[in-house]
Structures are given as C-alpha cells and as structure tokens.
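Data first, discussion second: the structure below is written as structure tokens.
Throughout, a chain's letter reflects where its sequence line sits, starting with A, and its residues are numbered from 1. Heavy-atom basis, side chains included; hydrogens, waters and symmetry copies ignored.
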Amino acid sequence: MTVAANALDIVATDPGSRARTGTLNLIHGSVRTPAFVPLATKATVRGLLPAEVAALGYDMVLGNTYHLFIDPGHELIAGGGGLHRFMGWERPIITDSGGFQVFSMGHGTVADEIKGRASHGGQRHGKTLGITEEGVSFRSHVDGSTKFLSPEIAMEIQAALGSDIALVFDECTPFNVSRDYTARSTERTHRWLERCLSWHDEHGAGGPASQLVYGIVQGGVHEDLRVESAEVVAASRADGVAVGGSLGADKAQMYEVVDWTTAVLPGHKPRHLLGIGDIDDLIRGVELGIDTFDCAMPTRLGRHGVALVPEPETRWRVDLTGARFRDDQGPICEGCACPACELGLTRAYLHYLLKARELTGLRLLVTHNLAFIARLMHRLRTAIAAGELAAEAAALRAGALP
RNA sequence: GGCGGGAUUCCCGAGCGGUCAAAGGGGCCUGACUGUAAAUCAGGUGGCUCAGCCUUCGAAGGUUCGAAUCCUUCUCCCGCCA
C-alpha cells in the first residue's frame with residue numbers, strides 16, 4: 001500500500017456526466033485535472049525544453065520504462081539522481097511500464113494491429129520473443145540483444161527512475177485475438193498487478209515510498225471482461241486506475257469500452273486513459289470521468305508536419321507539407337495565441353521550414369499542437385468547475401478554438 | 001577555328017541493340033499516424049476505349065526483325081587547345 005491513498009483532490013464534478021476536476025497531488029507537485037500528459041518516452045518531449053513544456057501549461061510528462069531500460073539504463077539514471085534530474089524536469093512524471101512495447105514490437109501500432117496490416121514496411125514484427133507467466137522476452141530494438149521484463153523488473157526500473165506514478169506491467173491485449181485469449185491475458189495482467197504491488201510494498205520503505213502505482217484495466221472489447229478487470233484493479237491496493245489495451249475498432253466502440261470501465265470505478269481513485277489522443281476523444285474521455293490522458297499524437301503529428309486546428313471536419317488537422325501552402329500568407333492557426341502563432345508566422349513559412357527540413361519547423365508545430373491541447377484541457381477544467389461542461393464540450397466539438 | 005564531353009519522362013540522374021514507359025533520388029499527390037523502434041512510413045506519379053494499345057529518351061534521316069541505346073547531319077550546352 002502506498003502512502004497517498006487520496007492523491008486525487010476533486011473540487012468539482014459535472015452534474016451531467018462523470019467529469020470531474022481537481023488536482024492530483026504527487027511527489028513533485030500537483031497536476032491540474034483533467035490533464036493531458038505529453039510523451040517524453042526517451043526522457044524528452046522531443047524537440048522541446050522542459051521549461052517550454054511547463055510554460056505551455058503542462059504539469060506532468062510520461063517517460064517509458066522499456067526505452068529507458070534499453071538505453072541508457074535505469075541504473076545510470078538512478079546514479080545521476082533520477083529521471084527528473086536527468087531530463088531537467090522537476091515536475092511530476094508518470095512512467096509507462098513497457099507493457100505496451102510487448103504489444104507494439106509484435107504488432108506495430110494499435111491501428112496497424114486492428115486493421116491487420118504491417119506498418120513501416122513490415123519491419124516491426126517479431127521482436128517479442130515470448131510472453132510467459134514470469135514475464136516477457138524480447139529483442140532489443142537497439143542492439144538486438146535479448147532482454148527480459150517482468151512485473152518485478154518493471155517496478156524496479158520505475159523505482160530507480162523515481163517517477164511520481166508507476167504503471168504496473170501488463171499485456172496490452174491485441175484486438176485481433178479471441179475472447180478466450182483476452183480473458184486469459186487479462187487474468188495474467190491481474191496476477192502481474194498483484195506482483196507489482198507486492199514488489200512495491202516490499203521496497204517502498206527504502207525507496208519509492210510515495211510513488212503511486214496505477215493498475216491497468218484490460219478486457220479488450222468485452223463488457224464483462226472489462227467490468228471484471230475494472231473491479232479487480234479498483235479493489236486492489238493500486239492508487240490509481242489506467243485504462244489500457246485494445247479499445248476497439250472505432251471511436252464509438254472505444255467510448256463504449258471506457259464507459260463500461262469508468263461506470264464501475266470508485267470515484268476517489270485517479271483514472272488515466274492510456275494512449276488517447278484525438279481532440280474529440282479527449283472531450284469524450286473527460287465526460288466519461290477520465291482524469292489524465294497521454295498520447296503520441298500531438299507531438300508526433302507536429303513532427304510530421306501537421307498542425308492542430310479547430311476544424312472537426314478534417315479531424316482537427318492540417319498538413320502543412322502540402323504545396324498548396326507554399327504561398328499561404330495566413331497564420332498557422334487563426335486566432336491562436338500560442339508561442340509559435342504569436343510570432344505571426346505564416347503557413348508559407350512553416351511549409352518552407354518543413355520542406356527545407358529545418359528543425360525549427362518541427363519545434364514550432366509541436367509547440368503549437370501541445371498548446372492547442374493544453375488550452376483544450378484548461379477549458380474543460382474551467383467548464384467543469386463552472387458547471388458548463390455540456391455547452392463547452394458542444395462548442396469545442398463544433399470547432400471552437402480552444 | 002581545333003579536339004573532347006554531353007543532351008533521358010516535372011527536376012537531378014542511371015541506362016548504352018530486345019526482358020525499357022525506361023533504375024535511383026528529388027519534387028508533387030494520396031494515405032497512415034491514438035500507453036512513440038516514428039524529424040516516420042506506405043502507395044501513386046506519360047496517355048488511353050488499360051491483362052492491350054498509343055506517344056516519349058534534343059531534331060531530322062538511316063542501319064536492324066527490333067534503337068533511349070549503332071550511323072549521318074543539324075541545333076544547343078560544357079571543358080581544353082588556339
């Protein structure tokens with residue numbers, strides 16, 4: 001059992017939904033919720049300085065156990081004073097357990113797996129060597145050597161990293177597996193949850209005493225399995241609950257899965273929705289009672305030349321690499337007051353930087369995208385506190401600039 | 001004026017008698033991207049009445065069953081020598 005049993009301080013709830021707002025109090029500070037958590041997988045929000053991320057309104061970032069274990073190694077990071085000091089971010093950090101990598105190294109992305117296709121030229125398959133009750137063997141993507149992760153090792157690594165929140169080691173259940181496999185996998189994840197908590201209990205006094213541990217709900221797209229998993233995690237000693245695994249083939253199914261889950265979760269435990277992402281998904285997630293989200297989308301899209309804009313019909317995206325923006329003197333995003341847009345830069349300039357492969361272009365777009373999401377979350381928090389979430393959500397979904 | 005080298009599909013650039021509508025880049029277009037092996041990846045990129053046909057490899061002739069590839073002349077580039 002960890003110390004902060006009531007780390008989440010809820011100050012307001014929305015009468016028309018499960019949404020709530022408040023603060024999540026952690027070792028390195030508090031997180032205003034609902035919050036989006038930018039990914040700093042390899043100990044950096046790619047392209048941005050810690051101060052820049054904070055200035056955009058972010059209280060927490062997410063690091064990855066798998067990646068930091070492979071390179072540069074958790075011992076090295078621990079020796080240097082922990083992940084916070086290592087990356088120069090003294091605010092909260094949540095670390096993912098590496099469970100997702102077991103999935104992605106075998107299947108590629110979530111979308112690839114669902115659609116049954118190979119991603120990146122089919123180069124990504126087969127790095128996961130085997131999943132057993134003990135843990136997972138896989139081939140390092142860096143040097144090809146065989147590595148092994150187990151619930152205990154994942155917790156040990158996260159303890160060494162010193163993250164504010166550790167996620168238990170799980171198997172991200174694929175979409176294209178049988179219900180029976182999903183059931184067995186989910187049960188194993190439950191056993192792994194217990195092992196993670198036990199490891200944490202045993203080592204907490206001498207180490208991560210106030211590090212929170214979040215259990216992970218699996219169960220695929222099966223209501224009974226999801227509900228059971230949510231109940232198992234909720235009833236455990238875990239401080240918080242993360243919703244993971246395959247969330248379905250489309251948004252409707254995803255919302256349904258999250259709905260089943262949060263419907264049975266106790267109100268006091270913080271809830272994290274793993275890997276979500278899109279503007280509309282964040283809005284719905286908040287309505288379904290999610291407190292924190294993480295997603296590669298805003299930062300990755302920015303690096304890929306896409307700017308987030310208030311246009312639902314284009315899924316809130318505009319790809320500035322297209323030649324039609326070559327002489328577009330308009331702003332990146334009309335009305336946006338982010339550090340990038342404040343410079344008065346044109347789409348023509350961004351397009352030019354992108355085509356010229358200048359790093360500044362990527363920095364500018366990542367900054368804008370993260371600012372966009374940060375404002376979205378801020379507006380949702382404010383709306384919940386003011387009892388106006390329904391109207392605000394409707395406006396944002398219709399294309400209001402957050 | 002002389003001697004060499006070169007002109008290839010939007011651009012650069014392979015090809016050097018048939019398996020070439022023509023490698024490979026770039027550009028352009030489309031698509032993807034949701035717990036980041038991702039500043040990435042995939043597909044397309046002469047035309048059509050599209051399992052075939054037509055038009056393309058500076059221009060015009062010629063050799064050959066057959067030419068972007070060989071020959072002749074011409075036009076224009078680029079070196080070197082005068």
Which residue pairs pass the ring-ring contact (aromatic ring centres under 6.0 Å, His included) test with at least one member in residues 149-172 of chain A, sequence neighbours excluded?
A:Phe169-A:Trp192
Residues within [range] bordering RNA chain B, heavy-atom distance below 4.0 Å:
range: residues 27-44 of chain A; value: A:Leu39, A:Thr41, A:Lys42
range: residues 276-302 of chain A; value: A:Ile276, A:Gly277, A:Asp278, A:Asp281, A:Asp294, A:Cys295, A:Ala296, A:Met297, A:Thr299, A:Arg300, A:Leu301
range: residues 392-402 of chain A; value: none

Please name all residues satisfying salt bridge (Lys or Arg N to Asp or Glu O under 4.0 Å) with A:Asp319, sequence neighbours left out, ordered by chain then number.
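Salt bridge (Lys or Arg N to Asp or Glu O under 4.0 Å) list for A:Asp319, sorted by chain: empty.
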Distance-only check: which donor-acceptor pairs under 3.5 Å involve side-chain atoms of residues 151-160 of chain A, not counting sequence neighbours?
{"from": "A:Glu152", "atom 1": "OE1", "to": "A:Arg195", "atom 2": "NH2", "distance (Å)": "2.9"}
{"from": "A:Glu152", "atom 1": "OE2", "to": "A:Arg195", "atom 2": "NE", "distance (Å)": "2.9"}
{"from": "A:Gln158", "atom 1": "OE1", "to": "A:Thr95", "atom 2": "OG1", "distance (Å)": "2.7"}
{"from": "A:Gln158", "atom 1": "OE1", "to": "A:Leu167", "atom 2": "N", "distance (Å)": "3.0"}
{"from": "A:Gln158", "atom 1": "NE2", "to": "A:Ala154", "atom 2": "O", "distance (Å)": "3.3"}
{"from": "A:Gln158", "atom 1": "NE2", "to": "A:Leu167", "atom 2": "O", "distance (Å)": "2.8"}

Test side chain to side chain contact (heavy atoms under 4.5 Å, CB included) applied to A:Ala386 - qualifying residues, sequence neighbours left out
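Residues passing side chain to side chain contact (heavy atoms under 4.5 Å, CB included) with A:Ala386: A:Glu388.
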Do any side-chain atoms of residues 38-49 of chain A form donor-acceptor pairs under 3.5 angstrom with protein atoms, and if so which ones, sequence neighbours left out?
none

Any salt bridge (Lys or Arg N to Asp or Glu O under 4.0 Å) pairs touching residues 284-298 of chain A, not counting sequence neighbours?
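Listed once each, the pairs are A:Arg20-A:Asp291, A:Arg284-A:Glu287, A:Glu287-A:Arg397.
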Quick test: give all pairs of protein nitrogen or oxygen and nucleotides 25-28 of chain B nitrogen or oxygen below 3.5 Å, distance rounded to 0.1 Å.
{"from": "B:C28", "atom 1": "OP2", "to": "A:Lys355", "atom 2": "NZ", "distance (Å)": "2.6"}

Tell me the side-chain hydrogen bond (donor to acceptor under 3.5 Å, both in side chains) pairs involving residues 355-370 of chain A, sequence neighbours left out?
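Output for this query lists A:Glu52-A:Arg363.
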Close N/O contacts between protein and nucleotides 11-13 of chain B (under 3.5 Å):
none

